[in-house]
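Quick caveat, the model's predicted, so the values are computed rather than measured. In the text below, chain A, chain B and the rest are named by the order of the sequence lines, each starting its count at 1.
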There are 2 protein chains.
Amino acid sequence: MRPSPPLEDEQLAEACKALGHPARLAIFRHLMAEDRCVCGRIVEIVPLAQSTVSQHLKVLREAGLVSGEVEGPRTCYCIDKAFLARFRRTLDRLADPAVITEPA
Amino acid sequence: MRPSPPLEDEQLAEACKALGHPARLAIFRHLMAEDRCVCGRIVEIVPLAQSTVSQHLKVLREAGLVSGEVEGPRTCYCIDKAFLARFRRTLDRLADPAVITEPA
DNA sequence: CTCCTTTATCGTTGATCGACGATAAGCGAT
DNA sequence: ATCGCTTATCGTCGATCAACGATAAAGGAG
């Protein structure tokens, strides 16, 4: 039972890249705050066309950070917390290989 | 004395974007391992032309993750640990607003 | 001073991105 | 079945990216 194996390099790069755009970062942050959120709600928040938002959501979804499920006529998005845990773990390992101990 | 204020959204996005490319991720990882590393050494590691590596180093440098200092005819690169600390802190705040507590 | 080494920058080319409007697809209600 | 609402996908266009080779700049060695 290893719930959180680290990401492969390519997955990590893809996830970073997905967060590497201000609009997607804003969407991600909003999803963290709202927990569950329908696409139209996001369109209200960010100053972008609906098709553009949908595209950004697709990028986040394909990166694994976000998952969306269809609920009747609309789609509800939320953070994939299991993936997020792996993402964080991977970043921690990358940025702290027990060698940075000297802040001076 | 607050040594590690969080990054602005745009800085965070830029840093993520910088890590969002497999070659730059590999360079970053190598710099974490070697601590200090001259450009030519990196060119030996990644299968890319010298000019391309230099370009990637520039992106990492402009994002703030890496700093380089000229040492005679060559340039020595290393991780900017202060920035890295801020980066990590910002990501922690982003991905863990005390609301993810349920892994189930 | 001249050559060699090392790295940054320039210029180019093809690929990918980001934005949009228009359209299609799916569902609920009438 | 039809209409209306919501979202995904398509097609397009300009901008940015990623890669390269060639060239310039700067320092050390002879």
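- Under 4.0 Å is where a charged nitrogen must lie from a carboxylate oxygen, and between A:Glu71 and A:Arg36 at least one such pair does.
- At a threshold of 4.0 angstrom between heavy atoms, the contacts of A:Val38 are confined to the sugar-phosphate backbone, with no base atom among them.
- Between the CZ atom of A:Arg74 and the C1' atom of D:dT6 there is a distance of 7 Å, rounded to whole Å.
- Atom-to-atom, CD of B:Glu62 to C1' of C:dA8 comes out at 12 Å; the value is rounded to the nearest Å.
- Remark: B:Arg86 does not engage B:Asp80 in a salt bridge, criterion side-chain N to carboxylate O under 4.0 Å.
- Residue B:Ser54 is in base contact, counting any heavy-atom pair closer than 4.0 Å across all strands shown.
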Produce a footprint string for nucleotides 11-22 of chain D: one letter per nucleotide, 5' end first; B if the base is under 4.0 Å from any protein heavy atom, S if only the sugar-phosphate is, - if neither. ------SSSBBB
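- Of all heavy-atom pairs between A:Ala23 and A:Leu48, the closest is CB-CD1, 3.8 Å.
- Nearest approach of A:Cys39 to A:Tyr77, heavy atoms of both residues: CB-CE1, 4.1 Å.
- Looking at the side chain of A:Cys39, the nearest of the listed nucleotides C:dT9, C:dT7, D:dA8 is D:dA8.
- In this structure a side-chain-to-backbone donor-acceptor pair under 3.5 Å is present from A:Thr90 to A:Leu7.
- Atom CG in A:Leu57 sits roughly 11 Å away from atom C1' in D:dA8 (whole-Å rounding).
- In this structure, A:Glu44 atom CD and D:dC5 atom C1' are separated by 14 Å, rounded to whole Å.
- In terms of phosphate contacts, B:Tyr77 brings no side-chain nitrogen or oxygen within less than 4.0 Å of OP1 or OP2 of C:dT6.
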Are B:Arg41 and B:Val38 close enough, and set up right, to give a side chain to side chain contact (heavy atoms under 4.5 Å, CB included), and what steps lead you there? CA-CA 5 Å; B:Arg41 175 97 182 93; B:Val38 99; 4.1 Å; yes
Could you go through the side chain to side chain contact (heavy atoms under 4.5 Å, CB included) check for A:Leu65 and A:Ile79 one step at a time? CA-CA 6 Å; A:Leu65 289 162; A:Ile79 303 287; over 6 Å; no
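- Between B:Leu84 and B:Met32 there is a side-chain heavy-atom pair separated by less than 4.5 Å.
- Residue pairs meeting the salt bridge (Lys or Arg N to Asp or Glu O under 4.0 Å) criterion with at least one partner in residues 5-17 of chain B, sequence neighbours excluded, are A:Arg29-B:Asp9.
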Spell out protein contact along nucleotides 25-30 of chain D as letters: B when the base is contacted, S when just the sugar-phosphate is, - when no protein heavy atom is under 4.0 Å; keep the 5' to 3' order. --SS--
